[in-house]
Amino acid sequence: MHIRPVAAAELTALQDIERAAGAAFREVGMVAIAEDEPFPVDVLEGYRSQGRAWVAVGGEDRPVGYLIAEPVDGALHIEQVSVHPDVARRRIGEALLAYAAERAREEGLTGLTLTTFAEVPWNAPYYERLGFRVLGAAELTPGLRKIRAHEAELGLDRRPRVCMRRD
């Protein structure tokens, strides 16, 4: 497996990965999340054109996972990280996060942040195993508060969500 920047021709493949990965939410009764559409191509292109979209590719240079991120209040905020279920449990998500951490270091950012579901096994518990910690309300930066408010507007707070950080 190799991690590299996303090519413009691969943006629809990212959507396919997201749809496939999202299906697992049905198993925990989160049908609305499973059926949620991935980011539109123009939004993904925005991340790609800013150098903020990376793919994990297999032997045929085909994307099997991806990560998009943007700087928020001095940290690199992970907007989305997804791995196709056909290649799950091979540490691809972990590798994508490590790659993002290295990019953050190169840019002088202080860490990685993300928001996620608190009780979904492959969300907050997974990130905790990778060294992320849940942030308390007093630790939320203005940018993270804005992200959480937007998520609440989208209805994502029907299940408990948390902000997490790894320095």
Side-chain angles (χ1 to χ4, degrees), residues 3 5-6 14 17-18 21-40 43-56 65-83 85 88-167:
I3 298 174
V6 174
L14 304 188
I17 291 167
E18 182 62 25
F25 283 95
R26 289 183 199 290
E27 298 170 19
V28 293
M30 298 173 71
V31 176
I33 300 299
E35 293 177 353
D36 192 37
E37 278 298 304
F39 287 111
V43 172
L44 294 171
E45 171 56 25
Y47 285 99
R48 189 198 71 77
S49 66
Q50 294 173 25
R52 305 273 181 216
W54 303 285
V55 288
Y66 78 98
L67 184 148
I68 56 176
E70 63 184 334
V72 173
D73 299 333
L76 187 62
H77 183 74
I78 309 303
E79 183 60 42
Q80 183 67 43
V81 58
S82 292
V83 174
R89 293 172 176 69
R90 296 184 192 174
R91 304 180 87 173
I92 294 169
E94 183 178 353
L96 284 162
L97 289 163
Y99 190 88
E102 186 56 38
R103 302 292 71 75
R105 267 194 273 324
E106 289 174 0
E107 293 182 35
L109 300 171
T110 60
L112 300 178
T113 60
L114 55 84
T115 60
T116 193
F117 290 105
E119 299 168 351
V120 175
W122 60 91
N123 278 199
Y126 169 76
Y127 295 117
E128 285 178 329
R129 288 192 302 274
L130 297 180
F132 284 81
R133 66 180 179 83
V134 174
L135 296 175
E139 296 177 281
L140 299 184
T141 64
L144 290 175
R145 282 194 292 276
K146 183 177 177 183
I147 289 167
R148 285 293 296 119
H150 179 68
E151 290 177 347
E153 288 172 9
L154 295 174
L156 292 176
D157 282 1
R158 285 176 254 170
R159 293 282 185 102
R161 285 186 69 78
V162 292
C163 288
M164 301 184 81
R165 178 182 175 93
R166 183 173 84 188
D167 293 328

Looking at side-chain heavy atoms only, is the closest gap between Ile68 and Phe39 below 4.5 Å?
yes

Which atom names give the shortest non-hydrogen contact between [X] and [Y], and what distance separates them?
X	Y	value
Ala21	Val83	CB-O, 3.4 Å
Ala124	Ala118	CB-O, 3.5 Å
Gly111	Ala104	O-CB, 4.3 Å
Pro160	Glu119	CG-OE2, 3.7 Å
Pro121	Arg129	O-NH2, 4.3 Å
Ile92	Ala56	CG2-CB, 3.6 Å

Audit row: Phe25, Glu35, side-chain contact (heavy atoms from CB on, under 4.5 Å) steps and yes/no
CA-CA 9 Å; Phe25 283 95; Glu35 293 177 353; over 6 Å; no

Please check: side-chain N/O of [X] versus main-chain N/O of [Y], any donor-acceptor pairing under 3.5 Å?
X	Y	value
Thr110	Gly74	yes
Asp73	Gly143	yes
Arg166	Gly131	no
Arg148	Leu144	no

Within this structure, what is the [atom1]-[atom2] distance for the pair [X] and [Y], rounded to the nearest 0.5 Å?
X	Y	atom1	atom2	value
Thr115	Arg161	OG1	CZ	4.0 Å
Arg133	Met164	CZ	CE	9.5 Å
His77	Thr113	NE2	OG1	5.0 Å
Leu76	Glu102	CG	CD	12.0 Å
Leu154	Asp36	CG	CG	8.0 Å
Arg159	Met30	CZ	CE	5.0 Å

Quick one: do Val162 and Thr116 satisfy side-chain contact (heavy atoms from CB on, under 4.5 Å)? Show the steps, please.
CA-CA 6 Å; Val162 292; Thr116 193; 4.0 Å; yes

So Glu18 and Tyr66, side-chain hydrogen bond (donor to acceptor under 3.5 Å, both in side chains) or not? Walk me through it.
CA-CA 9 Å; Glu18 182 62 25; Tyr66 78 98; 3.2 Å; yes

Are there over 12 heavy-atom neighbours, none belonging to Arg145, within less than 6.0 Å of that residue's CZ?
yes

I'd like to check the side-chain contact (heavy atoms from CB on, under 4.5 Å) partners of [X]; sequence neighbours left out, ordered by chain and number.
X	answer
Ser49	Glu45
Val81	Leu67, Ile78, Leu96, Tyr127
Arg103	Trp54, Tyr99, Glu106

What verdict does the side-chain contact (heavy atoms from CB on, under 4.5 Å) test give for Ile33 and Phe117, after you've listed the backbone C-alpha separation in whole Å, the side-chain angles of each residue and the deciding distance to 0.1 Å?
CA-CA 11 Å; Ile33 300 299; Phe117 290 105; 3.8 Å; yes

